[in-house]
Amino acid sequence: QVQLVESGGGLVQPGGSLRLSCAASGRTFSSYTMGWFRQAPGKEREFVAAISWNGGDTYYPHSVKGRFTISRDNAKWTVYLQMNSLKPEDTAIYYCAAARSGSNYDRVHEYAFWGQGTQVTVSS
């Protein structure tokens with residue numbers, strides 16, 4: 001059982017930066033693959049980033065590669081998403097999620113635990 005709470009969302013100008021945090025509580029946080037997903041109105045939830053249990057492997061779709069960076073601090077039970085060079089199309093509710101190690105990192109259904117989401121709006 002893992003509970004996740006996102007924070008750090010808000011309004012930012014195009015080209016700006018934002019860092020999201022996801023604080024976890026529960027048992028054996030360090031054993032989970034952690035992911036970020038986002039969902040815009042009228043669209044399906046899409047994969048944004050994932051990081052392996054030990055932080056050794058990270059994964060990104062083409063849409064955010066080079067702009068977003070996922071990291072984790074297992075000692076603090078926290079995962080981060082650093083977002084740079086933000087674009088209006090990045091506007092969405094961002095969710096962090098936890099999956100058992102070895103799961104398909106880019107698939108929504110593989111993640112058992114989800115945060116409540118935090119709104120990111122990129123607009124002039």
Side-chain angles (χ1 to χ4, degrees):
Q1 297 289 327
V2 177
Q3 293 180 324
L4 307 171
V5 180
E6 303 96 332
S7 62
L11 176 65
V12 64
Q13 298 284 327
S17 297
L18 208 59
R19 189 179 76 159
L20 306 182
S21 298
C22 178
S25 62
R27 182 175 293 180
T28 61
F29 165 76
S30 62
S31 69
Y32 288 89
T33 295
M34 298 298 298
W36 287 94
F37 291 76
R38 66 188 183 188
Q39 188 166 23
K43 299 180 67 176
E44 294 184 354
R45 192 166 298 188
E46 68 170 326
F47 170 71
V48 174
I51 186 166
S52 60
W53 70 272
N54 64 356
D57 297 299
T58 57
Y59 312 91
Y60 308 93
H62 178 72
S63 59
V64 307
K65 188 172 295 184
R67 298 189 299 120
F68 291 10
T69 303
I70 188 172
S71 62
R72 68 191 296 164
D73 186 337
N74 287 348
K76 297 181 178 180
W77 286 46
T78 302
V79 62
Y80 306 95
L81 184 68
Q82 178 66 46
M83 304 183 293
N84 299 324
S85 301
L86 284 162
K87 306 173 181 180
E89 52 263 44
D90 294 319
T91 296
I93 299 175
Y94 283 70
Y95 300 88
C96 65
R100 298 288 187 181
S101 296
S103 299
N104 294 327
Y105 57 85
D106 61 344
R107 301 300 180 93
V108 168
H109 68 87
E110 294 292 337
Y111 288 79
F113 307 104
W114 294 82
Q116 83 288 349
T118 185
Q119 178 71 49
V120 172
T121 302
V122 185
S123 179
S124 298

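- Residues in residues 71-85 take part in no salt bridge (Lys or Arg N to Asp or Glu O under 4.0 Å) pair, two or more places apart or across chains.
- Residues passing the salt bridge (charged side-chain N to carboxylate O under 4.0 Å, His left out) test with Glu46, sequence neighbours excluded: Arg38.
- Each of Val108 and Tyr94 belongs to its own hydrophobic cluster when Ile, Leu, Val, Met, Phe, Trp and Tyr are linked at side-chain heavy-atom distances under 4.5 angstrom.
- Cluster annotation: Tyr95 is not connected to Tyr32 through the hydrophobic network of ILVMFWY side chains, with a link wherever side-chain heavy atoms come within less than 4.5 Å.
- Both Tyr60 and Met34 belong to a common hydrophobic cluster when Ile, Leu, Val, Met, Phe, Trp and Tyr are linked at side-chain heavy-atom distances under 4.5 angstrom.
- No chain of hydrophobic side-chain contacts below 4.5 Å, direct or via other Ile, Leu, Val, Met, Phe, Trp or Tyr residues, connects Trp36 to Tyr105.
- Residue pairs meeting the salt bridge (Lys or Arg N to Asp or Glu O under 4.0 Å) criterion with at least one partner in residues 101-110, sequence neighbours excluded, are absent.
- A search for side chain to side chain contact (heavy atoms under 4.5 Å, CB included) contacts involving Arg67 returns Val64, Ser85, Lys87, Asp90, not counting sequence neighbours.
- Taking Ala112 as the reference, nothing meets the side chain to side chain contact (heavy atoms under 4.5 Å, CB included) condition, with sequence neighbours excluded.
- Note on Ile70 and Trp53: separate hydrophobic clusters, where clusters join Ile, Leu, Val, Met, Phe, Trp and Tyr whose side-chain heavy atoms are under 4.5 Å apart, directly or indirectly.
- Here the closest heavy-atom approach between residue Cys22 and residue Leu4 is recorded as SG-CB, 3.7 Å.
- Note: Thr69 OG1 to Leu81 CG = 8.0 Å, rounded to the nearest 0.5 Å.
- Inter-residue side-chain proximity for Phe37 and Tyr111 is flagged as met; some heavy-atom pair is nearer than 4.5 Å.
- Shortest non-hydrogen contact noted between Pro61 and Ala49 is CD-N, 4.5 Å.
- Take Thr121 and apply the side chain to side chain contact (heavy atoms under 4.5 Å, CB included) test, not counting sequence neighbours, and it matches Leu11, Thr91, Gln119, Ser123.
- Put simply, the side chain of Gln13 reaches to within 4.5 Å of the side chain of Ser124, judged on heavy atoms.
- How far CD of Gln116 is from SG of Cys96: 7.5 Å, rounded to the nearest 0.5 Å.
- Annotation for Ile93 and Gly117: closest pair CG2-CA, 3.8 Å, computed over non-hydrogen atoms.
- Using a 4.5 Å heavy-atom threshold, the side chains of Leu20 and Phe68 count as separate.
- No more than 12 heavy atoms of other residues, nucleotides or ligands sit less than 6.0 Å from atom CD of Glu44.
- The shortest heavy-atom contact between Ser71 and Val79 is O-CG2, 3.0 Å.
- For the pair Gly56 and Ser52, the tightest heavy-atom approach, listed with the atom from each and the gap, is N-OG, 3.2 Å.
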